[in-house]
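Inspection log for the structure reproduced underneath, given as structure tokens.
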Amino acid sequence: LATGPRQNNGIFYEIRTYDIKPAKMKEFLELVNKYFHFRTAHSELVGFWYSELGAMNKVFHIWKYDNFAHRTAVRHALANDKDWQGKFISAALPLVEKQHNEVAYLVPWCQLGKPSKEGGVYEWVTFQMKPGGPALWGEAFQAAINAHVNTGYTKLIGVFHTEYGLLNTVHVLWWNESPDQRAAGRHSAHEDARVVAAVRDSVRFLESQQNMLLIPLQCSPLK
């Protein structure tokens with residue numbers, strides 16, 4: 001993270017979280033797999049997942065935009081897309097309990113990655129840091145993330161820092177071949193003195209943390 005501009009362009013990511021009615025999750029996912037191509041015709045989808053552990057009946061999708069004018073144009077086009085509105089939105093909205101969105105930037109020291117192969121599971125980790133921003137906690141947070149990367153048991157996909165939404169929030173997206181591979185790697189990391197030291201330094205700035213295991217949908221570019 002940086003104390004100055006995050007990046008030299010306007011690219012940002014919109015993170016959308018939907019809570020689905022418990023009895024309607026299967027129906028919602030079927031709608032997504034059937035009609036979501038109408039949505040992805042308008043802008044770039046980074047990934048689409050549903051929660052398996054850590055939360056229930058939630059879906060997450062991440063969209064990439066060149067700038068805010070680009071997002072405005074896309075939203076306008078979607079409002080006028082009869083297929084999208086008629087086939088997906090009209091059927092999906094009654095299945096949704098609530099929606100939440102955030103705007104976030106990739107941190108300067110992280111590029112959006114991809115898993116080494118298709119399949120596997122994703123872990124979405126949300127860190128709520130102390131007020132003060134990256135100038136306060138950025139260096140320690142980066143060191144803690146890099147310590148886990150250096151163990152080699154997990155693949156870093158992206159680190160996102162919120163701009164709109166709850167501030168001082170950082171979302172980290174990891175990929176592992178399986179939940180058991182992730183569990184074994186975590187046990188090893190907890191015995192690694194470098195990881196322990198880096199985490200001990202960073203938690204001074206941590207307010208809370210939430211982990212979720214995510215499964216990608218068929219339409220997700222990140223699988």
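Note that the numbering runs from 1 along the sequence shown for the chain. All values reported here derive from a predicted model rather than from experimental measurement.
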Just verifying a value: how many Å separate [X] [atom1] and [Y] [atom2], rounded to the nearest 0.5 Å?
X    : Y    : atom1 : atom2 : result
T72  : N67  : OG1   : CG    : 8.5 Å
T154 : H148 : OG1   : NE2   : 9.0 Å
L112 : I11  : CG    : CD1   : 10.5 Å
E27  : L31  : CD    : CG    : 6.0 Å

Quick one: does any side-chain atom of [X] pair with a main-chain N or O of [Y] as donor and acceptor, under 3.5 Å?
X    : Y    : result
Q210 : W124 : no
S220 : P216 : no
Y122 : K223 : yes
W175 : G119 : yes
D81  : A77  : no
E102 : E14  : no
K21  : P94  : yes

For the student: nearest non-hydrogen atoms of [X] and [Y], plus distance:
X    : Y    : value
A198 : A143 : CB-O, 3.8 Å
L45  : I62  : CD1-O, 3.5 Å
L156 : I145 : CD2-CG2, 4.1 Å

Residues, nucleotides or ligands: over 12 heavy atoms within 6.0 Å of [X] [atom1]:
X    : atom1 : answer
H76  : NE2   : no
Y164 : OH    : no
Q111 : CD    : no
K130 : NZ    : yes

Tell me whether E30 is salt-bridged to K26, with the criterion being a basic N under 4.0 Å from an acidic carboxylate O. yes
Before accepting this row, confirm whether a basic side-chain N of the pair K117/E177 lies closer than 4.0 Å to the acidic partner's carboxylate O. yes
Identified side-chain hydrogen bond (donor to acceptor under 3.5 Å, both in side chains) partner of Q128 from the options T169, T162, N168: T169
Less than 6.0 Å separating the ring centroids of [X] and [Y]?
X    : Y    : result
F160 : H171 : no
F36  : F48  : yes
W137 : H161 : yes

Partners meeting ring pair (Phe, Tyr, Trp, His ring centres under 6.0 Å) with H70 (sequence neighbours left out): Y65
Which label fits W84 and F88: parallel for a plane angle under 30°, tilted from 30 to 60°, or perpendicular past 60°? parallel
Can you classify the ring geometry of Y18 versus F28 as parallel (below 30°), tilted (30 to 60°) or perpendicular (above 60°)? perpendicular
Please walk me through it: do N211 and Q209 pass side-chain hydrogen bond (donor to acceptor under 3.5 Å, both in side chains)? CA-CA 7 Å; N211 293 35; Q209 177 181 340; 3.1 Å; yes
Residue pairs passing the side-chain hydrogen bond (donor to acceptor under 3.5 Å, both in side chains) test where at least one lies in residues 189-206, sequence neighbours excluded: D192-R194, D201-R204
Dump the intermediate steps for side chain to side chain contact (heavy atoms under 4.5 Å, CB included) on I15 and W63, then the final yes or no. CA-CA 7 Å; I15 302 165; W63 300 90; over 6 Å; no
